[in-house]
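Heads up, the thing below is written out as structure tokens.
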Amino acid sequence: MPPSYTDDQIVYAVRDGLIIPAQLDRMAQGMIDLVNKTRAAMSIDNYRFDVDAHDEVAHQAAIESIVMLKNDDAILPLNAGPVANPSATPQKIAVIGEFARTPRYQGGGSSHITPTKMTSFLDTLAERGIKADFAPGFTLDLEPADPALESEAVETAKNADVVLMFLGLPEAAESEGFDRDALDMPAKQIALLEQVAAANQNVVVVLSNGSVVSVAPWAKNAKGILESWLLGQSGGPALADVIFGQVSPSGKLAQSIPLGINDDPSMLNWPGEEGHVDYGEGVFVGYRYYDTYGKAVDYPFGYGLSYATFEIADVAAAKTDANTATVTATVTNTSDVDAAETVQVYVAPGKADVARPKHELKGFTKVFLKAGESKTVTIDLDERAFAYWSEKYNDWHVEAGEYAIEVGVSSRDIADTVAVALDGDGKTQPLTEWSTYGEWEADPFGAKIVAAVAAAGEAGELTKLPDNAMMRMFLNPMPINSLPTLLGEGGKKIAQFMVDEYAKLAK
């Protein structure tokens with residue numbers, strides 16, 4: 001990774017005489033760029049933007065963001081009756097949870113904005129003429145449970161065919177201004193879910209949270225789970241569209257949901273000590289850690305269910321240049337529901353000089369398919385898709401060799417794997433007496449010299465290096481100026497020969 005993105009240091013920038021963290025400097029510049037883009041419109045007298053058009057953009061963005069985690073017994077979509085399907089008998093619906101009436105649509109602190117309008121889920125039901133009984137169940141704070149609210153919620157659930165429970169994190173539970181010390185939702189919400197599930201087995205949980213919450217401890221009490229995150233001002237209509245089947249959910253998890261907070265690699269170093277925190281996980285963040293080390297997770301990175309089913313076939317990868325490739329695959333909607341699927345491409349490096357994750361997401365595309373429809377998708381992988389940041393070269397580096405290309409619908413649901421062989425970028429560093437024997441072997445010039453050493457050993461001109469696995473273990477990590485410790489005077493002559501030959505070849 002380049003210096004401005006390293007995990008173990010903060011890089012600073014100077015702006016108008018002030019020294020500020022480079023990340024904040026980039027954020028400030030982004031805000032300035034955004035303001036500049038609006039100048040043309042804002043300079044028009046009496047300019048007014050289209051509030052409804054902007055709200056529809058928010059609506060569509062919210063639809064795309066909803067991730068369906070669970071849908072046992074096809075409990076979703078619900079039947080809203082004559083409003084959505086004139087020939088169907090409507091289900092009796094109970095809506096429980098204050099989030100349905102008072103949506104948590106944005107983050108806390110400096111992320112607060114003023115929306116042009118705000119439409120909750122209950123607002124949407126009223127606008128669409130969909131009947132439902134509502135009970136708040138709990139308050140949006142971290143105070144203890146209110147028995148009266150709980151009792152009302154349980155009674156409401158008893159009289160329903162299906163219960164929609166709106167749970168999540170209140171604003172006091174998460175913010176960029178402080179660290180969370182747990183992944184659990186407030187205990188009073190989980191306790192209420194248990195009570196409601198005991199009264200009605202047909203429960204769908206709708207989550208509102210800005211960052212991941214633990215699901216495993218309470219998932220048995222819900223047949224359906226929708227992770228809706230913080231949906232913005234038009235979250236109510238978006239949820240209704242998904243819940244009642246106007247659209248199929250198509251969101252995918254942008255982070256893994258672990259079984260517990262102690263499964264996260266950052267817990268080895270968090271919260272730090274004596275005013276210092278080490279980002280000790282390095283490149284093994286999130287799914288890169290869980291997948292590389294085979295750790296069980298509740299839901300993997302890239303996961304997300306649909307009302308439709310899909311099949312990925314005919315996966316192929318073709319090299320397009322020395323270190324680039326194109327990936328193609330055919331996606332088929334094998335159901336009778338129109339829906340979208342996100343095809344994900346992961347790159348898995350072969351043997352590398354540095355520690356690299358098992359695989360990394362390097363490309364994806366969302367494709368909408370009508371029932372029974374097939375399409376071929378193409379995803380281009382540039383040189384950076386195969387590169388890692390090299391401290392040695394102080395640059396991005398692509399090693400020569402074979403890379404596996406995995407195509408699937410999550411980091412742990414891979415439909416097919418193909419391979420592509422790359423030339424590498426040919427980067428080398430000058431070899432010296434302090435370079436290891438292994439580094440000499442891996443270098444284009446050094447490899448020739450190593451071969452010359454072997455030939456001279458066979459001819460009796462130099463000491464012959466022992467050729468066995470044990471000696472390899474010693475030789476490869478050893479600087480060549482340490483060869484005399486293994487071979488005495490003969491080792492000294494080999495090292496000098498290598499340095500002299502390199503000086504000739506590298507001219």
If you take all heavy atoms of [X] and [Y], which pair is closest and at what distance?
X	Y	answer
Met118	Gly232	CE-O, 4.2 Å
Ser234	Ala62	O-CB, 4.3 Å
Ser65	Trp229	O-CD1, 3.5 Å
Glu281	Pro265	CB-CB, 4.0 Å
Val247	Ile63	CG2-CG2, 3.8 Å
Ile96	Ala153	CD1-O, 3.3 Å

Stepwise ring pair (Phe, Tyr, Trp, His ring centres under 6.0 Å) check, Phe284 with Tyr293
CA-CA 10 Å; Phe284 295 97; Tyr293 293 99; 5.7 Å; yes

Do [X] and [Y] get their side chains close enough for a donor-acceptor pair, meaning under 3.5 Å?
X	Y	value
His54	Gln233	no
Asn209	Glu227	yes
Ser248	Ser306	yes
Lys188	Thr139	yes
Asp291	Ser411	yes

Do [X] and [Y] make a side-chain contact, defined as non-hydrogen atoms from C-beta onward lying under 4.5 Å apart?
X	Y	answer
Leu207	Val213	yes
Ile312	Val409	yes
Asp425	Trp396	no
Asn333	Glu341	no
Thr124	Leu239	no
Phe121	Val206	no

Verdict with supporting geometry, Tyr287 and Phe301, ring pair (Phe, Tyr, Trp, His ring centres under 6.0 Å):
CA-CA 6 Å; Tyr287 75 93; Phe301 176 82; 4.2 Å; yes

Look only at the side chain of [X] and the backbone of [Y], and say whether a donor-acceptor pair between them is shorter than 3.5 Å.
X	Y	answer
Lys319	Thr326	no
Asn71	Ala74	no
Lys252	Gly304	yes
Ser43	Ala40	yes
Arg101	Leu122	no
Ser214	Ala216	no
Thr334	Thr309	yes
Gln189	Gly168	yes
Ser256	Pro258	no
Thr292	Lys358	yes

Salt-bridge criterion met for [X] and [Y] (N-O under 4.0 Å):
X	Y	answer
Asp382	Arg384	no
Asp263	Lys295	no
Lys370	Asp338	yes
Lys117	Asp123	no
Arg356	Glu399	no

Pair Asp179, Trp270 - check side chain to side chain donor-acceptor pair (under 3.5 Å), show working.
CA-CA 10 Å; Asp179 293 323; Trp270 183 87; 3.3 Å; yes

List the steps and the verdict of side-chain contact (heavy atoms from CB on, under 4.5 Å) for Leu369 and Val331.
CA-CA 9 Å; Leu369 299 168; Val331 190; 3.8 Å; yes

Report the residues that fulfil salt bridge (Lys or Arg N to Asp or Glu O under 4.0 Å) with Lys70, sequence neighbours left out, ordered by chain and then residue number.
Asp72

Side chain to side chain contact (heavy atoms under 4.5 Å, CB included), paired with Pro237, selected from Glu56, His59, Gln246:
His59

Is there a salt bridge (Lys or Arg N to Asp or Glu O under 4.0 Å) between Arg104 and Glu174? Walk through the geometry before answering.
CA-CA 12 Å; Arg104 179 147 182 259; Glu174 59 177 352; 2.5 Å; yes

For a salt bridge (Lys or Arg N to Asp or Glu O under 4.0 Å) check, start with the C-alpha distance between Asp380 and Lys362, then their side-chain angles and the critical distance, and finish with the verdict.
CA-CA 9 Å; Asp380 294 323; Lys362 294 299 182 179; over 6 Å; no

Evaluate side chain to side chain donor-acceptor pair (under 3.5 Å) for Thr417 paired with Glu406, printing each intermediate quantity in order.
CA-CA 4 Å; Thr417 302; Glu406 303 171 349; 4.7 Å; no

Check side chain to side chain donor-acceptor pair (under 3.5 Å) between Thr320 and all other residues, then give those that pass, not counting sequence neighbours.
Thr324

Using the rule given for side chain to side chain donor-acceptor pair (under 3.5 Å), can you reason through Lys366 versus Ser250, listing the C-alpha separation, both sets of side-chain angles and the distance that settles it, and then say yes or no?
CA-CA 9 Å; Lys366 179 178 280 191; Ser250 61; 3.0 Å; yes

Asn36, CG: over 12 other non-hydrogen atoms inside 6.0 angstrom
yes

Might you confirm whether atom NZ of Lys375 has over 12 heavy atoms from other residues, nucleotides or ligands at distances under 6.0 Å?
yes

